[in-house]
Chemist: 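Shown below is the structure under consideration.
Here the structure is a predicted model, which means the values were calculated and not measured. Proteins get letters first, then strands, A, B, ... in listed order; numbering begins at 1 in each.
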Protein chains: 4
Amino acid sequence: MPVPKHIFDPPFNIIRSSHVVLDVVDLKASAEFYENAVGLHVEERGDAAVYLRGREEQQHHSLVLRKASHATCRRLGFKVGDEGDLDKAAAFFSQNNIAFAFAEQPFQGRTLQFSDPFGFQIELYAAMDKRPLLLRRYDLYKGCHPQRLDHFNVFAAEVQDTVDFYARLGFRLTEYAEEDGEHGRIAAAWLHRKGNVHDFAITNGKGPRLHHFAYWVPTAMNILHLCDVMASSGYLNNIERGPGRHGISNAFFLYVRDPDGHRLELYTSDYFTGDHDHAPMRWSLNDPRRQTLWGAPAPRSWFEEGSPFPEQALREPQFVAEVTVAD
Amino acid sequence: MPVPKHIFDPPFNIIRSSHVVLDVVDLKASAEFYENAVGLHVEERGDAAVYLRGREEQQHHSLVLRKASHATCRRLGFKVGDEGDLDKAAAFFSQNNIAFAFAEQPFQGRTLQFSDPFGFQIELYAAMDKRPLLLRRYDLYKGCHPQRLDHFNVFAAEVQDTVDFYARLGFRLTEYAEEDGEHGRIAAAWLHRKGNVHDFAITNGKGPRLHHFAYWVPTAMNILHLCDVMASSGYLNNIERGPGRHGISNAFFLYVRDPDGHRLELYTSDYFTGDHDHAPMRWSLNDPRRQTLWGAPAPRSWFEEGSPFPEQALREPQFVAEVTVAD
Amino acid sequence: MPVPKHIFDPPFNIIRSSHVVLDVVDLKASAEFYENAVGLHVEERGDAAVYLRGREEQQHHSLVLRKASHATCRRLGFKVGDEGDLDKAAAFFSQNNIAFAFAEQPFQGRTLQFSDPFGFQIELYAAMDKRPLLLRRYDLYKGCHPQRLDHFNVFAAEVQDTVDFYARLGFRLTEYAEEDGEHGRIAAAWLHRKGNVHDFAITNGKGPRLHHFAYWVPTAMNILHLCDVMASSGYLNNIERGPGRHGISNAFFLYVRDPDGHRLELYTSDYFTGDHDHAPMRWSLNDPRRQTLWGAPAPRSWFEEGSPFPEQALREPQFVAEVTVAD
Amino acid sequence: MPVPKHIFDPPFNIIRSSHVVLDVVDLKASAEFYENAVGLHVEERGDAAVYLRGREEQQHHSLVLRKASHATCRRLGFKVGDEGDLDKAAAFFSQNNIAFAFAEQPFQGRTLQFSDPFGFQIELYAAMDKRPLLLRRYDLYKGCHPQRLDHFNVFAAEVQDTVDFYARLGFRLTEYAEEDGEHGRIAAAWLHRKGNVHDFAITNGKGPRLHHFAYWVPTAMNILHLCDVMASSGYLNNIERGPGRHGISNAFFLYVRDPDGHRLELYTSDYFTGDHDHAPMRWSLNDPRRQTLWGAPAPRSWFEEGSPFPEQALREPQFVAEVTVAD
């Protein structure tokens, strides 16, 4: 795999992954799941949309649930440094023939929305409305105490090209999985902006689709408690995989499906990656510890299912990598 | 100290400590504290009394809060093997000139109430109403997930005599603290019936008074979360001591005061003591690890304050042991 | 299922499950596993046998590894109240035509060994050598901090008869799984002496064999750490099932296989069962939460493999219950 | 307090706090403490110095213990982006009359050492030797599983000026404590480069001295285990304060003293601060939750004692703020 070089002077400054906008069919059921089982804080509740955030997030929302006729992932949101970065982004997209538009989005102001060359629907903003920090309001904690949105993971049909595109925007590689051999192809890449393992992971698969978005939680105990809560409140079948530990990122994880089938990861443990000489870690596709340092194999659904983006045709991946599934 | 011999054929069969009945001045404030901060389950809520229980208790209540003009500890309750044991107890008390009476208590049926020779107000019963087990209803868990009432700890003015009395009822010594030297006096004793460190601990001090009652919680993490919750919901000053670890019983502990000043311990960690040849562990009064394996010294209030029993005159302890206090 | 009545005056007094004696082929590899991965304390290390114990156990050993040419479970050990109970047991076995013999066993004194009517090899003793308590020697803690041997679980070909036999010895039923319908047969039973969910569990299956023995650990965090340690020290494939939570007993569990294939459970969470009116909990064989409140399905090996007892012919179970397996 | 503006184009690019160099009197005792109680990994052990690192650090060392006749803090180390930043730093210091020198330091290459205007001894480097990542070698974990050096905290006699100086180097304010009133003076400031609460905290006090350096650990359970380990291995009196939770930074903390009296914080919990519009959080000096969200008051030593830097005269602070102490 051609490993992209780290770029320290990108065309504009993306700070981090920020929020996800999901279309959901039953808004009430979806909000109930995220508020009472997962434990996010509902900041704004309307008939058309519900806005939620984690316990340490002062931004108005990191999850937007929108009532819709079909379940899709509408947008993935990244925060940029300041308003000037939005203008620099617009200039860059113009020069590179990437479709974009500015929109005024509720609670998050001027927003640049673009469709990347692979069909991922992304939006950038600089200044979201702020709300009082709830980090020390432990009396309000629920579920697994989700603290902040941490990253997105997508299925990409053209994984190398997608990695190269985001590397050009300044995303830096921390870990990657590839085939063995001289011409081994990349199967998955973990890319960051904010200094931990990832803001954006790109996985070989039928795309463009969202594989999952992830909230960071304080400890594995919170994740085990979420399993207990889900098992005792009618969400047992929404637990898809885990708990277990990935070799990649060393994350202790749980994957759950929301009422519309969107996949959410709760995870903890991570490490600092912000050094300029931080060396990406390579995993052979043949190393099973990559996926599962320990824990039961993932079910087939985890490898195959994901949330499409609106009106984006799906393309088969350029190659098929073998996986170990539970069934 | 004359260490009492373990008696394996007591006059009647006490199974374990079971419940505490507290008189409280502001019933609503008290119930709010135990339900929403501590996390007990309210089984019955009335104008005169509120009944609560822990997450693994099928018995109707382990804590009764009664509206009253003064805050006192009305009764400490123990469960006996069966109805026959109540009759045997009555016979034993008659023979030994101990005042007792039978009463029909709500939700717990035929109840034998007695005042022991030192003024402690005790009640015995065999069959309490049962309620559905909530152990697996994790969706209802609150606070620190208190699981079961575990023990009582009292101030006794005549500590050796009190220990001897309860040893005669079949309580077995697991740990004790005493002065060094040939005629060292006992300062505190931990006595059990159910096979862990204690059901009843007896401490040298102005008595008869309740020092604390304790609920067992699953892990230290639950206790730390309770600190966070109390600090963020107006109960910061109700945290009296801890978290820390006692040498005695190896318990990880937190002591909190309820709105009336009654002291509650939340604790975890313990060990099995049910062997017939289990040897009591002696602690020298001069060993500071006894009180605090690690953690800040206890405040003076912890050594001096307790809940009186109704209409029982207080007596000074027979000797005064030095303690290390925080102030 | 005919649920056996609780017997409160058994022919002799068994206090609890105490120790297991395993024949192992590679004594050094086995001791290495239990000492450095699991974290038991080696009390005595010889060429023919290694004796280990948990962090709160003062008894000389709860696990004996014996060098042998075949891997078997040699004995399951229970502790009785006192020497008189051994004589009462001998009398009872004589009257009931059960083969037994007295032997002097190293570190545990006079020991009554018997073969129960189903081929399980059991030994009883009253007084084992004592060793200094290591509970507060946290500097010596290793692995998952195993605290005490808690129970045995066996495959029995004649499950109802085996349950009835042990109920007659005073074991009390806490939970059981049975077929639905008027004549539903029992598939598994959890029986205790010491006041928690079990000392001895009896499961329908090809028998007599040991399914597993279990050590209690303080928290789920210790179990997760054991997974991490095993995954990074060559024992990944020895993790057979979990972590997860059983509905039965509410236990958070992990099942691992030792170098000889003997199965060890590490578990935490439990509840008090010592009341005389404690009602056994019934689980329908059709309720999947029985096996797995949450977590991946068990692999086939977990249902099928176990440790035989020396020289005991295996018998097929009287009926076959359907199970959900992972493969 | 004049709150310094965030500077996003500093004269050179400091990535993060990186390592601390301590002079210790008994090198063997000191190394023993950090390796076996705290649990750091010894990377290099010599007669004159011992180099240690945390479980996720690939850099050769984050703690250097040097044999010396007096216990001092020799240097605080920060990592810069690349070699060019060292040259830019040299240019900046020349222009601002700050004494500096380049030195070749073992395992960390070209190192720029400077004495800031307040006497703090700092060193900068770009490329330290790398060592294999031990994050997934859980079989080697010890003590409290310290993962990475996170920050330094110093006593400064001229707190406002010191904050201003480091703000000019690009450190951004996240939290601060100040007197109430129009002309309230700053008493402490938390400054970061890497995107969490701090790399460098500056506290009003007799200076220049190091108050503590801190390692991040995965969970509070690891910190409680360290208390247990220290209490049972002769280090009980080295526990100075905690465990507890600071309001500031929301950190769950423990402060321990090493054999030379240098203070080490073990802490967990933190939050992301890398947004350009991240607003500093103000704490009134009159708010007791600042210091202690909950937990026992700090002892006097915690407010008064610290490690001097070699040959730097101590100056009294410009004002004295009242604190609540335990004694």
Chemist: Using non-hydrogen atoms and a 4.5 Å limit, figure out which bit of B:N13 sits close to chain C: side chain, backbone, both or neither.
Modeler: side chain
Chemist: Counting only non-hydrogen atoms closer than 4.5 Å, does C:F272 touch chain B with its backbone (N, CA, C, O), its side chain (CB onward), both, or neither?
Modeler: both
Chemist: Could you check whether atom CZ of C:R168 has more than 12 heavy atoms from other residues, nucleotides or ligands sitting under 6.0 Å from it?
Modeler: no
Chemist: Counting only non-hydrogen atoms closer than 4.5 Å, does C:Y138 touch chain B with its backbone (N, CA, C, O), its side chain (CB onward), both, or neither?
Modeler: side chain
Chemist: With rounding to the nearest 0.5 angstrom, report the NE2 to CD distance, C:H278 to B:Q59.
Modeler: 12.0 Å
Chemist: Of the backbone (N, CA, C, O) and the side chain (C-beta and beyond), which part of C:K194 lies under 4.5 Å from a heavy atom of chain B, both, or neither?
Modeler: both
Chemist: Quick one: CG on B:N196 to CG on C:N196, what's the gap to the nearest 0.5 Å?
Modeler: 11.0 Å
Chemist: Let me confirm one number: the NZ-NE2 distance from C:K79 to B:H276, rounded to the nearest 0.5 Å.
Modeler: 9.5 Å
Chemist: I need the B:E83 CD to C:D277 CG distance, nearest 0.5 Å.
Modeler: 9.5 Å
Chemist: Contact part of C:A126 toward chain B, heavy-atom cut-off under 4.5 Å: side chain, backbone, both or neither?
Modeler: backbone
Chemist: Identify which part of C:M221 has an atom lying under 4.5 Å from any heavy atom of chain B, answering side chain, backbone, both or neither.
Modeler: neither
Chemist: By a 4.5 Å heavy-atom criterion (distance strictly below it), what part of C:R55 contacts chain B: side chain, backbone, both, or neither?
Modeler: neither
Chemist: Quick check: do B:R16 and C:D275 have side-chain heavy atoms less than 4.5 Å from each other?
Modeler: yes
Chemist: Considering only heavy atoms, which portion of C:Q147 lies under 4.5 Å from any heavy atom of chain B: side chain, backbone, both, or neither?
Modeler: side chain
Chemist: Distance check, rounded to the nearest 0.5 Å: B:L133 atom CG versus C:Y271 atom OH?
Modeler: 7.0 Å
Chemist: Tell me which of these, C:Q58, C:E57, C:R245, has more heavy-atom pairs under 4.5 Å with chain B than the rest.
Modeler: C:R245
Chemist: Would you mind telling me which of C:N250, C:V80, C:T219 has the largest number of heavy-atom pairs within less than 4.5 Å of chain B?
Modeler: C:N250
Chemist: Find the one option among B:A220, B:G247, B:G195 whose heavy-atom pairs under 4.5 Å with chain C are most numerous.
Modeler: B:G247
Chemist: Roughly how far apart are C:R136 CZ and B:M281 CE, rounded to 0.5 Å?
Modeler: 4.0 Å
